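Report on the following structure.
Owing to the predicted nature of the structure, the values given are computational and were not obtained by experimental measurement. Note: hydrogens, waters and symmetry copies are ignored here, and every other heavy atom, side chains too, is used. One-based numbering along the sequence shown.
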Amino acid sequence: MARRKDRAGQETRAGKSPFRTATYARLSVDSAVTESDSITSQQMLMRDFIKDRDEFLLVKEYQDDGISGTRFDRRAFDSLLGEVRKGNINCIIVKDFSRFGRDHIEVGSYLEKVFPFLGVRFISVNDGYDSFDKDCAEKKLAVILKNLVNEYIAKDTSVKVASSYVTKQENGEYDGGRAPYGYAFADERKTRFLIDERPAGIIRDIFTWTMQGDSARTIVMRLTEMQINPPKAYQDTGEFYRLEKERRYWNEYAVNAVLQNMAYAGHMALHKWKESKADGISLHMLDESEWKVTKNTHEAIITEQEFSLVQEIMRARKERHKNLNALNENIIRPENLLKGKVFCGDCRVPASRMGANYQRRIGKVRIYRYRCRTYREKGAQECTSKSISEKDLEAIVYQAVMAFIRQVECLDDRISCFHNEFFRKMRRGIEKEKDAAERAIRQGKNEKILLYKEYISKERGNTELSSTECADAKENSAECACKDGASGSNKEWYLKEKQKKDREIRSHEERKAQLDEKMEFFERLEKEQAGWIKEILSYNDTALGEEKLTAQMASLFVDKIFLYDGKRVEVVLNFKDEYQTLSRLAGQLIDESLYSCIGQVWGTEKGRI
């Protein structure tokens with residue numbers, strides 16, 4: 001009864017204003033696309049349904065292309081729900097339930113709970129379903145069955161697609177999106193490779209350099225100097241050499257990926273990743289023992305012997321690196337005191353902190369160095385080589401912090417000395433002059449009032465002689481003229497005296513503002529001395545006791561550190577701006593000219609007393 005009443009109310013509201021309608025189309029990446037299922041076809045069907053129906057106002061069309069119906073984390077779908085929650089959309093139209101989703105639990109939740117709660121009308125055109133239709137309750141079972149069928153179809157499609165991939169893998173047919181760097185697809189089916197000679201030459205060089213003992217880092221530097229485009233950039237642009245505006249470069253990861261790819265030996269390694277929508281398994285990489293390898297599926301760029309030799313070299317390097325850089329409880333590792341604070345001074349990119357293990361008398365110790373990340377990854381064309389050991393850098397930062405603490409101590413002594421010798425006298429002198437200025441301002445304003453009263457009084461005295469008296473005393477016409485002239489000169493006198501008083505008051509107000517500024521300055525000195533200066537000085541004894549940089553010291557004092565060529569270091573400290581401002585103000589205070597000005601203030605006060 002309540003539902004019928006609610007629907008009646010919604011129908012009445014719809015009669016007054018059209019439904020703000022959105023259409024939603026979806027196509028799965030796994031779908032064998034037919035003309036009737038395409039995004040365009042779905043949208044045309046829904047437009048035809050809305051056409052000539054005044055109850056619908058099409059606001060926007062939404063579409064998710066290449067996304068499975070079993071997922072509900074879809075970009076366009078989320079955007080549609082956002083507009084629904086804002087109240088901008090109150091009607092959703094789809095071609096059929098399978099386009100909305102293939103998870104019958106989620107679809108049922110939206111139809112039975114979410115959309116009714118939000119007052120949203122839902123229409124599935126091909127299924128003949130309209131949530132505002134009074135007969136839709138009778139179709140509820142059919143809707144449930146259709147959603148169950150749609151979910152089964154999604155899982156069945158997933159199984160069939162997976163089966164087709166397995167068949168391809170067993171036949172050694174490539175199932176990736178792009179051919180490996182150095183190859184091109186042999187036909188439109190994109191399952192077989194042909195050698196792409198120019199990048200294939202780079203592949204041969206990379207293997208040759210590795211067999212000659214070059215590291216991946218050295219190879220990256222060499223390829224960058226040769227201006228060779230990295231694999232992704234070459235596949236995107238087709239340009240073998242890097243263009244001037246191209247900012248993508250070879251890196252160690254790309255070189256190692258080439259060295260480990262058995263496709264260059266003529267073999268196809270498939271089934272490296274696994275995902276199953278039917279079983280709810282998310283995408284993950286399989287162990288190498290589970291890969292499906294088909295031998296000699298295409299022409300090789302390098303020989304089998306070269307590939308095997310390089311794999312041995314790679315394994316030996318990994319083992320050596322593992323032993324050298326193993327992190328366990330037996331390795332003494334220094335704390336990362338400068339984490340997130342070290343940058344290259346030229347490219348402004350955070351520096352790399354690279355560690356290696358070394359044998360010392362106390363045992364195995366991990367020693368770190370900071371290097372320019374841009375130089376390591378992109379070469380000398382983008383930045384210069386900068387390297388400094390963490391121990392040396394911490395020593396430099398410690399010296400900079402201690403020098404700053406000593407500067408702050410000197411500043412504090414200057415301020416304290418000034419307080420002891422001058423502050424009290426100066427403050428009393430300024431307060432006296434400030435009181436005098438305030439009295440002068442009040443007196444000037446009172447004098448302006450009296451001046452105005454005097455002016456009004458004179459004006460009234462000049463108008464007491466009436467026009468009748470002037471007519472009866474024509475012989476005294478000269479006296480009347482004299483009085484008129486006196487009235488004009490009286491106004492000039494008043495304006496002149498008023499301007500004079502205004503200038504005096506303004507002068508006193510300006511002087512009072514200067515004195516207020518000085519008082520604020522002295523109060524600021526006291527606050528600064530009791531604030532960050534006190535915080536720094538309270539740490540002084542601790543810093544001297546440590547005799548090296550600590551985590552607390554780095555956190556309190558260090559803002560950023562910039563590395564430059566020749567192991568030159570710039571340390572940017574916290575409180576730097578506060579120190580410079582306060583030092584400048586303190587210098588002004590003790591400056592001879594300001595001291596002379598203060599002496600004149602006291603002399604003025606003594607003269608007034």
Side-chain angles (χ1 to χ4, degrees), residues 161-220 222-223 226 228-241 250-275 283-319:
V161 170
S163 177
S164 68
Y165 279 132
V166 170
T167 302
K168 284 184 177 181
Q169 291 163 0
E170 289 175 348
N171 294 332
E173 296 180 358
Y174 186 67
D175 58 0
R178 288 178 170 178
Y181 181 73
Y183 284 105
F185 286 119
D187 50 40
E188 293 183 356
R189 295 182 62 220
K190 297 183 178 182
T191 58
R192 303 289 178 183
F193 300 146
L194 289 176
I195 292 179
D196 188 354
E197 282 302 332
R198 294 184 78 183
I202 298 298
I203 297 297
R204 296 187 188 99
D205 289 339
I206 291 175
F207 276 86
T208 300
W209 293 332
T210 301
M211 289 184 288
Q212 291 173 352
D214 288 348
S215 66
R217 177 74 212 129
T218 302
I219 294 173
V220 168
R222 192 173 290 181
L223 292 172
M226 293 169 62
I228 304 298
N229 246 341
K232 184 72 164 57
Y234 174 74
Q235 292 167 341
D236 289 343
T237 65
E239 298 290 340
F240 181 68
Y241 291 104
W250 283 87
N251 53 45
E252 294 177 46
Y253 176 83
V255 170
N256 288 327
V258 167
L259 294 172
Q260 295 173 19
N261 192 345
M262 63 177 64
Y264 299 122
H267 312 317
M268 191 77 74
L270 302 171
H271 193 55
K272 295 181 180 180
W273 300 82
K274 185 175 182 180
E275 179 185 25
L283 184 66
H284 65 284
M285 190 171 189
L286 297 173
D287 185 77
E288 190 171 346
S289 60
E290 299 182 66
W291 294 359
K292 293 184 178 179
V293 179
T294 307
K295 299 282 188 177
N296 304 316
T297 57
H298 53 273
E299 185 179 358
I301 295 177
I302 59 170
T303 66
E304 180 73 29
Q305 292 75 18
E306 289 173 331
F307 183 78
S308 298
L309 176 59
V310 167
Q311 302 316 300
E312 289 297 325
I313 293 173
M314 297 277 287
R315 277 192 286 271
R317 285 179 180 176
K318 286 181 180 179
E319 190 65 28

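Counting only distance, with no hydrogens or angles, the side chain of Q235 and the backbone of A179 share a donor-acceptor pair below 3.5 Å. Although no hydrogens or angles enter the test, the distance criterion places a donor-acceptor pair under 3.5 Å between the side chain of Q311 and the main chain of L259.
Contact detail for A300 and I195: the closest heavy-atom pair is O-CD1, 3.7 Å. Annotation for A186 and L194: closest pair CB-CG, 3.7 Å, computed over non-hydrogen atoms. Scanning all heavy atoms of the two residues, the minimum distance from N261 to P180 falls at ND2-CB, 4.1 Å. Pairing each heavy atom of A216 with each of N256, the nearest pair is CB-OD1, 3.8 Å.
The side-chain hydrogen bond (donor to acceptor under 3.5 Å, both in side chains) search around E304 returns H267, not counting sequence neighbours. Residues satisfying the salt bridge (Lys or Arg N to Asp or Glu O under 4.0 Å) criterion with R317, sequence neighbours excluded, are absent altogether.
Taking the side chain as every heavy atom from C-beta outward, Y183 and P199 never approach each other to under 4.5 Å. V310 places none of its side-chain heavy atoms less than 4.5 Å from the side chain of Y264. Using a 4.5 Å cut-off on side-chain heavy atoms (C-beta onward), E312 and R315 make contact. With a 4.5 Å cut-off on side-chain heavy atoms, I206 and W250 count as touching. Under the 4.5 Å side-chain criterion, counting only non-hydrogen atoms from C-beta, W209 is not in contact with V255.
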- [ ] Go through the steps to decide whether R178 and D236 satisfy the test side-chain contact (heavy atoms from CB on, under 4.5 Å), and finish with yes or no.
- [x] CA-CA 10 Å; R178 288 178 170 178; D236 289 343; 2.6 Å; yes

Open item on the list: Under the criterion side-chain contact (heavy atoms from CB on, under 4.5 Å), I'd like the reasoning laid out for L309 against Q305: C-alpha separation, chi angles, the key distance, then a yes or no.
Closed with: CA-CA 6 Å; L309 176 59; Q305 292 75 18; over 6 Å; no

- [ ] Output, in order, the C-alpha distance, side-chain angles, deciding distance and verdict of side-chain contact (heavy atoms from CB on, under 4.5 Å) for Y241 and I228.
- [x] CA-CA 5 Å; Y241 291 104; I228 304 298; 3.6 Å; yes

Task: From CA spacing to verdict: side-chain contact (heavy atoms from CB on, under 4.5 Å), D214, R222 - done: CA-CA 10 Å; D214 288 348; R222 192 173 290 181; 3.1 Å; yes

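The CD atom of E197 sits 11.0 Å away from atom CZ of F240, with the distance rounded to the nearest 0.5 Å. In this structure, the separation between OG on S215 and CD1 on I313 is 12.0 Å, given to the nearest 0.5 Å. To the nearest 0.5 Å, atom CG of residue D196 and atom CD1 of residue I202 are 11.5 Å apart. From T218, atom OG1 reaches atom CG of L223 across 11.0 Å, with rounding to the nearest 0.5 Å.
The aromatic rings of F307 and F207 are tilted relative to each other, their planes meeting at an angle between 30° and 60°. The aromatic rings of H298 and F193 sit perpendicular to each other, their planes meeting at more than 60°, with 30° as the lower class boundary.
Screening D205, V258, T210 against I219 for a side chain to side chain contact (heavy atoms under 4.5 Å, CB included) leaves a single residue, T210.
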